[in-house]
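Every value quoted in this text rests on a predicted model; they were computed, and no experiment measured them.
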Amino acid sequence: MKTFNVFFIGLFSFLISSLNSFCQQSNSNIQMVGAMKNVMWKGQLYGTINLDTISNKQHLFGLGPVEYLTGELLIIDGKAYKSTVVTDSTMQVEETFQAKAPFFGYATINNWSEQDLPDSIQTIAQLETFLDKITKNAVHPFFFQLKGTLETAKIHVVNLPKGSKVSSPEDAHQGQTNYFLNQDEVTILGFFSKDHQAVFTHHDTYLHMHLITSDKQKMGHLYDFFFQKGTFKLYLPTP
């Protein structure tokens, strides 16, 4: 009986240790608040997080829309930016944590590894495939950064008219304004996950990306681009 008890305790300890090891390897420190599908299909436009409540975190990164879909939000290394539509050709970008989001993803990331982005990566689909391939053994989901010079890009800022009701993605995109970039130096914060479609990415992609120009004059949701070859660096989080 004593031998059996020792064996059982040893087996139990091994299983707990293995489970803990698995959890450490399979979970990232990304925090998710709210869900895209609740906004798009249920019309839950109100803020579920106040960015001011996480403003004290070091090396903070995050992205999402402004509550009631009235702008875009981006946090890069502890600095928060909000963009809102002014006209069809101009926007306002301000540095502030005074904003709420209906869904938002964020993480504290202290260290990044840098590598050249291959010149062959020129579309969002190519970027998605490339990231999936090189991160097979990495912790998922994850944030990443891209820094370089664009040939062209298209971003949008949501601008839902006040009082609008939302019950579909089409409703949610009312008032959305597109902006075009050319030869701009930019930083892109992206989110990659194969498990968060309709939660934090659209149903047809594993990516959610926001872009900000180096002069901080333009910031928004990135949905089309053409990179200037030889200029882009990819940054992935490291333990």
Side-chain angles (χ1 to χ4, degrees), residues 28-34 36 49 51 54-55 57-66 71-84 91 93-97 99 101-117 121 123-124 126-128 130-132 134-135 138-150 153-158 179 181 184-194 196-197 199-202 205-227 231-238:
S28 73
N29 72 338
I30 293 177
Q31 303 295 313
M32 310 290 292
V33 181
M36 182 183 292
I49 181 173
L51 297 196
I54 56 174
S55 62
K57 296 182 181 294
Q58 298 294 313
H59 302 296
L60 183 65
F61 296 80
L63 52 82
V66 179
E72 306 287 348
L73 296 168
L74 174 65
I75 302 177
I76 295 285
D77 201 13
K79 292 186 176 181
Y81 301 93
K82 180 176 76 170
S83 63
T84 52
M91 68 173 72
V93 179
E94 57 181 315
E95 183 179 335
T96 180
F97 272 96
F103 65 92
F104 198 79
Y106 66 94
T108 54
I109 305 172
N110 296 316
N111 301 300
W112 299 85
S113 63
E114 176 189 304
Q115 60 183 283
D116 292 331
L117 187 71
I121 309 303
T123 68
I124 289 179
Q126 291 170 342
L127 177 62
E128 185 176 88
F130 177 70
L131 288 173
D132 187 30
I134 68 172
T135 62
V139 175
H140 285 221
F142 61 87
F143 279 112
F144 62 92
Q145 292 188 85
L146 291 165
K147 298 181 182 182
T149 303
L150 293 163
K154 189 185 297 183
I155 62 176
H156 73 235
V157 176
V158 288
Y179 298 91
L181 291 79
D184 286 289
E185 185 178 335
V186 302
T187 295
I188 297 166
L189 180 68
F191 170 89
F192 181 95
S193 176
K194 301 176 80 170
H196 288 82
Q197 289 178 306
V199 177
F200 201 68
T201 71
H202 288 289
T205 182
Y206 301 140
L207 296 173
H208 187 157
M209 297 180 287
H210 284 194
L211 169 156
I212 189 166
T213 55
S214 60
D215 62 7
K216 308 298 187 293
Q217 295 302 299
K218 292 182 180 179
M219 187 275 283
H221 181 101
L222 176 64
Y223 66 99
D224 193 17
F225 58 72
F226 192 81
F227 294 148
T231 71
F232 264 86
K233 301 288 187 180
L234 169 66
Y235 299 83
L236 295 173
T238 58

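Nearest heavy atom pair, residue Ala80 against residue Ile75, reads CB-CG1, 3.9 Å. The two residues Leu234 and Phe144 come nearest to each other via the heavy atoms CD1-CD1, 4.1 Å. Nearest approach of Ile109 to Pro237, heavy atoms of both residues: CG2-CB, 3.7 Å. Residues Glu72 and Val158 come closest through the heavy atom pair OE2-N, 3.1 Å. Taking every heavy atom of both residues into account, Met209 and Phe225 meet most closely at CE-CE2, 4.1 Å. Between Thr84 and Gly71, the shortest heavy-atom distance links the atoms CG2-CA, 4.4 Å.
No side-chain heavy atom of Leu74 sits less than 4.5 Å from a side-chain heavy atom of His221. Residues Phe130 and Leu117 are in side-chain contact: their nearest non-hydrogen atoms beyond the backbone lie under 4.5 Å apart. For the pair Val93/Gln217, no side-chain contact is recorded, criterion being any heavy-atom separation below 4.5 Å from C-beta on. Looking at heavy atoms from C-beta onward, Glu94 lies out of side-chain contact with Tyr81 at the 4.5 angstrom threshold. Contact annotation: the side chain of Val66 approaches that of Lys82 to within less than 4.5 Å [non-hydrogen atoms, C-beta and beyond]. Counting heavy atoms from C-beta on, the side chains of Tyr106 and Leu73 never come closer than 4.5 Å. Residues Glu95 and Lys79 meet the side-chain proximity criterion, which asks for heavy atoms closer than 4.5 Å.
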For the pair Lys216 and Thr187, evaluate side chain to side chain contact (heavy atoms under 4.5 Å, CB included) and give the outcome as yes or no after the intermediate values.
-> CA-CA 10 Å; Lys216 308 298 187 293; Thr187 295; over 6 Å; no
Leu150 and Phe226: CA distance, side-chain angles, deciding distance, side chain to side chain contact (heavy atoms under 4.5 Å, CB included) verdict | CA-CA 6 Å; Leu150 293 163; Phe226 192 81; over 6 Å; no
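A cation-pi arrangement is present between Lys147 and Tyr235 under the rule of less than 6.0 angstrom and at most 45 degrees off the ring axis.
Side chains of Glu185 and Thr213: no donor on one and acceptor on the other come within 3.5 Å. A side-chain donor from one of Thr135 and His140 sits under 3.5 Å from a side-chain acceptor of the other. Checking Ser214 against Asp184 by side-chain atom types alone, no donor-acceptor pair falls below 3.5 Å.
Gln126 CD: more than 12 foreign heavy atoms inside a 6.0 Å radius.
At least one donor-acceptor pair closer than 3.5 Å links the side chain of Glu128 to the backbone N or O of Tyr206. Formation of a donor-acceptor pair under 3.5 Å by the Gln31 side chain with backbone atoms of Gly105 is not found in this model. The closest donor-acceptor contact from the side chain of Asp116 to the backbone of Phe232 lies at 3.5 Å or more, if one exists at all.
Under the 6.0 Å cut-off for aromatic ring centres, His196 and His208 do not qualify, their centroids lying 6.0 Å or more apart. The aromatic ring centres of Phe61 and Trp112 sit less than 6.0 Å apart.
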